[in-house]
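So the structure is just underneath, and the comments pick up after that.
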Number of protein chains: 2
Amino acid sequence: MPPTPAPIVTALENRGHRLTRPRRRVAELLADRSGAFSAADLLGDADRRHVPIGRATVFRALELFTDLGLLERIDLPSGDHAYVVCDAAHHHHVVCRNCARSVEVADSGLQSVVSEIGRRSGFQIDTHRLELFGLCPDCR
Amino acid sequence: MPPTPAPIVTALENRGHRLTRPRRRVAELLADRSGAFSAADLLGDADRRHVPIGRATVFRALELFTDLGLLERIDLPSGDHAYVVCDAAHHHHVVCRNCARSVEVADSGLQSVVSEIGRRSGFQIDTHRLELFGLCPDCR
DNA sequence: ATTTTTGCAAATCATTTGCATATAT
DNA sequence: ATATATGCAAATGATTTGCAAAAAT
């Protein structure tokens, strides 16, 4: 049985969630993924690798991991939902439209753009999402 | 029968789409909406006002209008899909998390943030989406 | 021992599709 | 006249739910 990625173990423990076998399995599947993927992709991985996990459990784990900040749920230009693994706290993702590879990017100056928009619009801005899509260096 | 909003009429004509009764009806429903709304919201409007339009037709009109740049499809923090009416060409939307009111905002300095990210990540960035959520002046 | 989590299958929800009919050009 | 668009009802696909059994603390 492959090892369960440490950050996931700690994140679960910190918030009093149980470290179950199915959650570990999902964590392993995630560890082998790079870039953006859908719930269906993960279900497919599990199937292909004969890792037994219930469909509902996968959805529940994705939701939990997202709450814990281990994943972020993004929306592709097509409108489909996808997930990306997160390392840092606040950041955004650039996703390759060809191979789905994704990298986290720092908030380079976005913060001031956001406050500028808040000022101009009169809104009190709580959240923002910046999603970027294009071609990664390899796919260019 | 209420008037069909002019920009919609011209947008359809320009691209050789037919100005049908159902599309006019959708256009009228849109005109009476402010802020972000879902396909279901619109279907609800039609129902409530006894405006007869098929469900499929509403979805098809929303897709068409989005292609024409009259609407933008956004994703709420909840992950639900929503639409907002667009005036300008390129812009982003701030959506009130309380009343769903939305306003378009200019690209204040975002362009340079995007190119900065492109440079740092090595990606060739084609598209980006910035969605902002918070409280509008009235809901604060 | 107790509480949380699982897995299944059924339910739900949004969106799409096929196709015969109606409508705009 | 002819191509396009509609409406229906059925299909699809993704995600969620209820609930009894299983596993983690």
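Here is how names work: the chains are called A, B, and so on, in the same order as the sequence lines, proteins then strands, and each is numbered from 1.
Counting only residues at least two apart or in different chains, salt bridge (Lys or Arg N to Asp or Glu O under 4.0 Å) contacts with residues 127-140 of chain A comprise A/Asp75-A/Arg129, A/Arg101-A/Asp138, A/Arg129-A/Glu131, A/Arg129-B/Glu131, A/Glu131-B/Arg129.
A salt bridge does not link B/Glu63 with B/Arg60: every distance from a Lys NZ or Arg NE/NH1/NH2 to an Asp or Glu carboxylate oxygen is 4.0 Å or more. A/Glu116 and A/Arg120 are joined by a salt bridge, as a carboxylate oxygen and a charged side-chain nitrogen come within less than 4.0 angstrom of each other.
In this structure, the CG atom of B/Leu12 is 13 Å from the C1' atom of D/dT4, given to the nearest Å. Between the P atom of D/dA24 and the CG atom of A/Leu64 lies a distance of 16 Å, rounded to the nearest Å. Note: CZ (A/Arg23) to C1' (D/dA22) measures 14 Å, nearest angstrom. Here the P atom of nucleotide C/dT5 and the CD atom of A/Glu13 are 13 Å apart, to the nearest Å. The separation between A/Ile53 atom CD1 and C/dT5 atom P is 16 Å, rounded to whole Å.
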Got a list of protein N/O to nucleotides 11-20 of chain C N/O distances below 3.5 Å?
none

Produce the list of close N/O pairs, under 3.5 Å, pairing protein atoms with atoms of nucleotides 22-25 of chain C; give distances to one decimal.
| from | atom 1 | to | atom 2 | distance (Å) |
| --- | --- | --- | --- | --- |
| C/dA24 | N3 | B/Arg18 | NH1 | 3.1 |
| C/dT25 | OP1 | B/Leu19 | N | 3.2 |

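Remark: B/Asp80 pairs with B/Leu76, B/Ser78 by the side-chain contact (heavy atoms from CB on, under 4.5 Å) rule, at least two apart or across chains. The ring pair (Phe, Tyr, Trp, His ring centres under 6.0 Å) check on A/His17 picks up nothing, with sequence neighbours excluded. B/Asp47 is linked by a side-chain contact (heavy atoms from CB on, under 4.5 Å) to nothing, counting only residues two or more places apart in sequence or in another chain. For B/Arg55, there are no salt bridge (Lys or Arg N to Asp or Glu O under 4.0 Å) partners, not counting sequence neighbours. Residues passing the ring pair (Phe, Tyr, Trp, His ring centres under 6.0 Å) test with A/His128, sequence neighbours excluded: A/His90, A/His92. Every residue meeting the side-chain contact (heavy atoms from CB on, under 4.5 Å) condition with A/Ser38, not counting sequence neighbours, appears here in chain and number order: A/Ala40, A/Asp41.
Between its opening and closing five pairs, the helix from C/dA1-D/dT25 to C/dT25-D/dA1 changes axis direction by 40°, a value rounded to 10 degrees.
With a 4.5 Å cut-off between side-chain heavy atoms of Ile, Leu, Val, Met, Phe, Trp and Tyr, the cluster of A/Phe65 takes in A/Ile8, A/Val9, A/Leu12, A/Leu19, A/Val26, A/Leu29, A/Leu30, A/Phe37, A/Leu42, A/Leu43, A/Val51, A/Ile53, A/Val58, A/Phe59, A/Leu62, A/Leu64, A/Leu68, A/Leu70, A/Leu71, A/Tyr83, A/Val85. Here B/Leu135 is tied to no hydrophobic group at all, with no ILVMFWY side chain closer than 4.5 Å.
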